[in-house]
Structure formats: C-alpha cells, structure tokens
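Okay, so here's the structure we're looking at.
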There are 2 protein chains.
Amino acid sequence: MLSKDLKVVFKKCGIKNTVQRQAVYNFLLKESAPISAEYIYMELTKTESESMNLSTVYRILDLFTRKGLVLKSNLQADGKSTYEMNHMEHRHHLVCVKCNSIVPIKGCPLSDYEKRLSESTHYKILEHHLEILGICPKCQE
Amino acid sequence: MLSKDLKVVFKKCGIKNTVQRQAVYNFLLKESAPISAEYIYMELTKTESESMNLSTVYRILDLFTRKGLVLKSNLQADGKSTYEMNHMEHRHHLVCVKCNSIVPIKGCPLSDYEKRLSESTHYKILEHHLEILGICPKCQE
DNA sequence: ACGCAAATGCAACTGATTTGCATTTGCGTT
DNA sequence: AACGCAAATGCAAATCAGTTGCATTTGCGT
C-alpha cells in the first residue's frame, strides 16, 4: 500500500501519520498470520532504515487496536499477545502444525451459535477468536 | 476428596504426595471456573494452616498441567494465566471483557463442524482454540 | 515558516512467572 | 522405626512481556 493511502487511513481514524505507524501498518498488511509485538519490532529494526522502538510498537499496536484497524489476541500458548490486520471481514484460519501454512476458512461456524449462547447465558457477546489446528494434505503424505 | 484418594491420584502420575499439592488439588476441585495462580495462593494462605509459597503454586500448577490433571489457559485479557481441573472433557469459556470473569460453556459448537471442514479441505483436524468475549449480565447494568 | 499538541525514544518500572540455591520433606530401603 | 537421598519447597533474585514518565522530536494546522 502506498503511503499516500495510509495517510488517508490514519486521517480517517483521527491519528497522526508517522513513519513508525506506516512501518507497523505495512508490516501487518504483509503478514497473514497473527504476530507478536516483539516480532514486528525485530523485523522492522533488522533493516535499520527507520528508527523504531519496542515501546513505540506497543503503543502503535494498542492505538491501532483501539481504532479497530488491528485485532489483538491473547490465545498464544507462550503468553505473548498477537496482532493482525482487521480485515473487517470476520474470518478464521486453518493452521497446519507441520508447515505452519495458514488458509482462511470460508464462513464462520459460530454465527448462529453466538445468538443462542447469548440467549442462554444473558451475556452480550462481542466477538470470538477461533483458530483450528491440523495437518494440511501435503504434510500428511 | 480424601487425602487417601489423592495419594493414589498422585502415585498414578508418578509424583510425590505433599501437603501443598493436596491443598492446590483440593482447591481446584472446589472451583468450577478457571482461576489464577495468584488467587489460589491468596486463598490458600488466608487460612494459615499450611505453608504455601507462590512459586510453589506455580510449580505445582505446571506439574499438574504437564501430567494432564489441570488445564492451563492464557486467554485472559489481563495477561494472567488461569488453571482449572481437567475433567477430560473438551470445553470452552466465555470471558467478560469488563470484569474478566470466566464461565465454562456447555458443549462444543465445533464438533460437527470440524468433520465437515476436514472433508472439504482434506486437512486432518487436530484441535482448535476458541475464545468468546462478551459482557456478563452483571457488567451490563 | 511557526507553534504546539501529539508521538517517539529511552530508561526505569510493573506485575506475572521462573529460577538458583539452601533447606526440608516424602518415601523406598535397610 | 530410622536412614538416605532424590525430589519438593521457601526465599530471594532474576526474567520477560508490557507499561509509563519524561525529555526530545515530529507532524500538521495556521
């Protein structure tokens, strides 16, 4: 994505356009899998073309999450939070535990379920995170 | 549960029977919701009848988790891990984003879905992680 | 180009969890 | 029933992810 477009995206959210925010945004755009703040920081500082600080990454991710640009998840077994682009389209992924490939799943198996769950528990259901693990056809051979 | 029975449970797992392990085990048995190590420690030390150290609680929970007696989860928004008895039954939880309380959900909405998914994608489905976020009745007021 | 609020960098802090090490305890053996 | 030793515990210090205070820098409306 061109930085010109990003400027518009940020403006729409009422936040300033900075090199660091562009870097994080563009990095998340390239990644299809949810990733940690640490990982983003590491990758962005590899190429020392831009200044980037770990706490800045955290602050940016937090901001993006609050603005709805990014989705945060605490599901990881190692305790680290992960972040991914919010494509505004509710989507889940099928992850291969052998090759770590990720494919999106068509449709959400929980759309009806949430309605029923809400009725039975009286919770106001906001969202859910689902990740399905398996072995892809290739890796089964 | 009587300590006599616990001795047998521990022996079956090949671990020593200690007062601390009994205390943690019995405490988890009483709790239906997943709870934090900190909480277990606080409650157990309230009644100063037994010696108990926070790192011991962590070590015991880790041991129990490795032995399959206990299920560990990192899905808390506040970053704390939670633990619950492993009743050997696949279970998901509903988390309140306001007060971080957790309640188990009866049944898994994905059991049938996984079978269909496996057929359509030719993946061998191994497991899934699901986290449902909402606002509990109390926090909606 | 100016000025100021917002963003960043840095270092210090926090809170959860882990670890090293000295002491204690459980438990199989004598 | 006491012995010995590996395993478990207590304690304090360390670690790790994430946050925060503050001085400096930067974006952007004027």
Side-chain angles (χ1 to χ4, degrees), chain A residues 3-4 6-25 27 34-45 48-67 69-70 72-83, chain B residues 3-4 6-25 27 34-45 48-67 69-70 72-83 100 102:
Chain A
S3 46
K4 220 195 302 183
L6 265 190
K7 224 168 171 172
V8 175
V9 172
F10 291 156
K11 186 144 217 175
K12 213 177 276 179
C13 293
I15 63 177
K16 277 191 186 172
N17 171 43
T18 70
V19 268
Q20 290 84 353
R21 286 175 184 174
Q22 292 208 7
V24 171
Y25 195 96
F27 191 79
I35 49 180
S36 70
E38 185 77 31
Y39 179 70
I40 295 171
Y41 171 71
M42 297 285 260
E43 291 300 310
L44 289 181
T45 46
E48 313 214 7
S49 56
E50 297 132 358
S51 123
M52 182 59 77
N53 185 277
L54 183 55
S55 54
T56 301
V57 174
Y58 276 113
R59 278 193 274 234
I60 289 174
L61 288 172
D62 184 53
L63 178 71
F64 285 179
T65 303
R66 279 185 284 113
K67 293 298 177 182
L69 295 173
V70 157
K72 178 179 180 177
S73 161
N74 302 85
L75 273 183
Q76 293 312 94
D78 62 3
K80 288 189 193 180
S81 293
T82 56
Y83 305 83
Chain B
S3 48
K4 218 196 304 183
L6 266 191
K7 224 168 170 171
V8 175
V9 172
F10 291 155
K11 186 144 217 174
K12 213 177 276 180
C13 294
I15 63 178
K16 277 190 185 173
N17 172 42
T18 69
V19 268
Q20 290 86 351
R21 286 175 183 174
Q22 292 208 7
V24 171
Y25 194 97
F27 192 79
I35 48 180
S36 70
E38 184 78 33
Y39 179 71
I40 296 170
Y41 171 70
M42 296 285 262
E43 290 301 309
L44 288 181
T45 47
E48 313 215 7
S49 56
E50 295 133 358
S51 124
M52 182 59 76
N53 184 278
L54 182 57
S55 54
T56 301
V57 174
Y58 276 110
R59 278 192 274 234
I60 289 173
L61 289 171
D62 183 55
L63 178 71
F64 284 180
T65 303
R66 278 184 285 113
K67 293 297 178 184
L69 296 173
V70 157
K72 177 179 181 178
S73 157
N74 299 84
L75 51 77
Q76 282 312 82
D78 64 3
K80 288 190 193 179
S81 292
T82 56
Y83 304 83
N100 287 316
I102 310 175

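Lettering follows sequence order; numbering is per chain, from 1.
- Nucleotide D/dA1 has C/dT30 as its partner under the Watson-Crick or G-U criteria, with both atom distances under 3.5 Å.
- Atoms NZ (B/K7) and C1' (C/dC27) sit 9 Å apart, rounded to a whole Å.
- In this structure C/dT8 sits in a base pair with D/dA23, meeting the Watson-Crick or G-U test at under 3.5 Å.
- For the pair B/R21 CZ and D/dA7 P, the computed distance is 11 Å after rounding to whole Å.
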Footprint string (nucleotides 15-26 of chain C, 5' to 3'): B base within contact, S backbone only, - free, heavy atoms under 4.0 Å: -SBBBB-----B
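- Following rounding to the nearest Å, B/N53 (CG) and D/dC11 (C1') show an atom-to-atom distance of 7 Å.
- When the C1' atom of D/dA17 is taken as reference, atom CD1 of A/I40 falls 14 Å away, rounded to whole Å.
- Rounded to whole angstrom, the span from the CD1 atom of B/I60 across to the C1' atom of D/dT9 amounts to 9 Å.
- The base-pairing partner of C/dA1, taking Watson-Crick or G-U wobble contacts with both distances under 3.5 Å, is D/dT30.
- In this structure, CE of A/M52 is placed 14 Å from P of C/dA7, rounded to the nearest angstrom.
- A donor-acceptor pair under 3.5 Å is absent between the side-chain atoms of B/T56 and the main chain of B/M52, judged by distance alone.
- In this structure, C/dT14 forms a base pair with D/dA17, meeting either the Watson-Crick or the G-U wobble geometry with both donor-acceptor distances under 3.5 Å.
- Under the 30°/60° scheme for interplanar angles, the aromatic rings of A/Y39 and A/F27 are found to be tilted.
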